[in-house]
2 protein chains.
Amino acid sequence: MNFEKKLNSRNIKPTNMRLLVLQQLVESEAALSLTDLEGKFHRADKATLYRTLKTFEEKKLIHSIEGKGSVKYALCEEGCECAPQDQHVHFNCEKCAETFCFTQTKVPSLKIPNGFKAKSANMVYHGICANCS
Amino acid sequence: MNFEKKLNSRNIKPTNMRLLVLQQLVESEAALSLTDLEGKFHRADKATLYRTLKTFEEKKLIHSIEGKGSVKYALCEEGCECAPQDQHVHFNCEKCAETFCFTQTKVPSLKIPNGFKAKSANMVYHGICANCS
DNA sequence: GTTCTTGCAAAATATTTGCAAGACG
DNA sequence: CGTCTTGCAAATATTTTGCAAGAAC
């Protein structure tokens with residue numbers, strides 16, 4: 001994968017820092033929290049990483065997953081607009097605390113009460129993951 | 001509703017503090033964060049409220065909702081065991097930041113990859129609520 | 001008196017912002 | 001130069017624990 005092209009495709013200027021962060025996200029099996037990400041680098045500023053993640057999220061290169069503890073981030077799929085219908089389900093393991101994307105399992109479309117307008121959805125299962133059981 | 005009976009039914013000793021917290025949860029339209037709850041009282045210790053919420057959650061009197069910002073809590077329905085199939089969907093408004101329970105809309109049962117064991121689910125829509133649109 | 005609960009203090013963790021220096025066009 | 005990005009510092013918010021006094025049985 002060409003990281004630079006990937007950033008450009010989402011209108012993100014490909015700086016050095018951003019390329020490195022993207023690389024970490026690509027290489028990671030599980031979703032990463034800000035602290036996780038910080039730990040991947042020998043020496044990195046948390047505020048910069050924070051803003052990098054925010055930029056990535058805003059440009060829909062990554063999506064955030066709200067679960068136990070801190071928010072985690074993972075790469076979006078090609079063409080994802082983060083609307084409820086193109087989001088997938090996540091799994092958070094209560095033993096190892098890892099968060100996984102079930103990209104095969106889309107968030108189902110549900111009818112919600114009148115007047116409510118859903119822009120995105122966050123669906124996370126909690127339990128024991130395949131590695132820990 | 002008899003608050004004392006409700007606590008007893010979940011094996012929670014009905015202290016004064018707990019009765020007051022339960023009352024707030026019952027009276028509240030939306031789910032409450034720890035800080036929200038603290039704000040409902042003139043003078044209350046956050047640690048006590050925190051532990052009260054934890055106790056309530058553990059005994060399945062309330063359920064936690066992980067969304068933007070802090071975790072929020074709302075009453076469980078009668079007989080709820082907080083397993084994926086008896087949980088409902090939530091809605092978090094990005095304008096007023098309130099979190100609502102859609103008790104009519106259950107979390108759908110999905111097939112998840114082999115080896116993963118789901119004990120609970122957290123499904124939250126983000127968008128604009130009926131009051132704010 | 002033993003166990004559970006509460007209040008106060010403070011630690012630990014997570015998220016966010018201000019500001020000035022640096023990079024880039 | 002003008003704009004965007006980064007690093008350092010620090011504020012803010014949130015979650016969690018220790019410990020001793022108090023309440024309940």
Side-chain angles (χ1 to χ4, degrees), chain A residues 3-4 7-8 10-24 30-59 61-74 92 94 97-99 122 124 126, chain B residues 3-4 7-8 10-24 31-59 61-73 92 94 97-99 122 124 126:
Chain A
F3 295 154
E4 202 164 326
L7 290 178
N8 279 322
R10 292 288 188 169
N11 276 308
I12 303 166
K13 201 185 297 181
T15 67
N16 228 332
M17 190 77 243
R18 288 171 181 169
L19 287 165
L20 289 171
V21 171
L22 174 55
Q23 182 176 16
Q24 290 302 332
L32 297 175
S33 68
L34 176 57
T35 307
D36 294 338
L37 184 61
E38 192 187 18
K40 299 282 184 183
F41 293 96
H42 177 52
R43 196 181 56 83
D45 176 53
K46 189 172 272 198
T48 301
L49 296 176
Y50 172 77
R51 282 184 279 226
T52 302
L53 288 173
K54 286 292 171 187
T55 302
F56 283 9
E57 186 182 17
E58 194 181 321
K59 302 291 190 176
L61 177 66
I62 64 177
H63 57 279
S64 62
I65 307 147
E66 298 141 8
K68 301 255 183 259
S70 52
V71 178
K72 304 211 171 190
Y73 299 88
N92 177 243
E94 61 191 31
E98 300 263 52
T99 296
N122 182 65
V124 184
H126 296 289
Chain B
F3 295 154
E4 202 164 327
L7 290 178
N8 280 324
R10 291 289 187 169
N11 275 309
I12 303 166
K13 201 186 295 181
T15 67
N16 227 333
M17 189 79 242
R18 288 170 181 169
L19 287 165
L20 289 171
V21 171
L22 173 55
Q23 181 177 16
Q24 290 301 333
L32 297 176
S33 68
L34 176 56
T35 307
D36 294 337
L37 183 61
E38 193 187 17
K40 299 283 185 181
F41 294 95
H42 177 53
R43 196 181 56 83
D45 177 52
K46 190 172 273 197
T48 301
L49 296 175
Y50 172 77
R51 283 183 279 228
T52 301
L53 289 173
K54 286 292 172 188
T55 302
F56 282 9
E57 185 182 18
E58 194 182 320
K59 300 293 190 174
L61 177 66
I62 64 177
H63 58 279
S64 62
I65 307 148
E66 297 142 8
K68 302 254 183 262
S70 52
V71 178
K72 304 212 171 189
Y73 299 88
N92 177 243
E94 60 192 31
E98 299 262 54
T99 295
N122 182 63
V124 185
H126 295 290

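For clarity, every value in this text was computed on a predicted model and none was experimentally measured.
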Whole angstroms only, please: what is the [atom1]-[atom2] distance between [X] and [N]?
X: B/H42; N: C/dG7; atom1: NE2; atom2: P; answer: 14 Å
X: B/D45; N: C/dA9; atom1: CG; atom2: P; answer: 10 Å
X: A/E66; N: C/dA14; atom1: CD; atom2: P; answer: 15 Å
X: B/K68; N: D/dA13; atom1: NZ; atom2: C1'; answer: 17 Å
X: B/K72; N: D/dT14; atom1: NZ; atom2: C1'; answer: 13 Å
X: B/L53; N: D/dT14; atom1: CG; atom2: P; answer: 14 Å
X: A/L19; N: D/dT5; atom1: CG; atom2: P; answer: 13 Å
X: B/D36; N: D/dA13; atom1: CG; atom2: P; answer: 13 Å

> Is a side-chain donor or acceptor of A/R18 paired with a backbone partner of A/T52 at a separation under 3.5 angstrom?
Replying inline: no

>> I'd like to know if the side chain of B/N122 and the backbone of B/E66 have a donor-acceptor N/O pair within less than 3.5 Å.
In response: yes

> Can A/L37 and A/K46 be said to form a side-chain contact (heavy atoms from CB on, under 4.5 Å), step by step?
Replying inline: CA-CA 9 Å; A/L37 184 61; A/K46 189 172 272 198; over 6 Å; no

> Should B/D36 and B/Y73 be marked as a side-chain contact (heavy atoms from CB on, under 4.5 Å) after you check the CA-CA gap, both sets of side-chain angles, and the distance that decides it?
Replying inline: CA-CA 10 Å; B/D36 294 337; B/Y73 299 88; over 6 Å; no

> What's the shortest heavy-atom distance between B/I65 and B/A31, and which atoms?
Replying inline: CD1-CB, 3.7 Å

>> I want to verify a distance call: between D/dT6, D/dT16, C/dT16, whose nearest atom is closest to the A/M17 side chain?
In response: D/dT6

>> Counting only side-chain heavy atoms from C-beta out, which of C/dT16, C/dC8, C/dT6 sits nearest to B/R18?
In response: C/dT6

Would you indicate what [X] reaches in the nucleic acid, counting non-hydrogen atoms under 4.0 angstrom: base, sugar-phosphate, or nothing?
X: B/T35; result: sugar-phosphate
X: B/T48; result: base
X: B/T15; result: sugar-phosphate
X: A/K46; result: base

> Under 4.0 Å between a side-chain N/O of A/K54 and OP1 or OP2 of C/dT16, yes or no?
Replying inline: yes

> Under 4.0 Å between a side-chain N or O of A/Y50 and OP1 or OP2 of C/dT16?
Replying inline: yes

>> Tell me whether the side-chain N or O atoms of A/R51 pair up with the base of D/dG7 as donor and acceptor below 3.5 Å, since no angle test is needed here.
In response: yes

> DNA chain D: B/A47 or B/K13, which has the more 5' nearest nucleotide?
Replying inline: B/A47

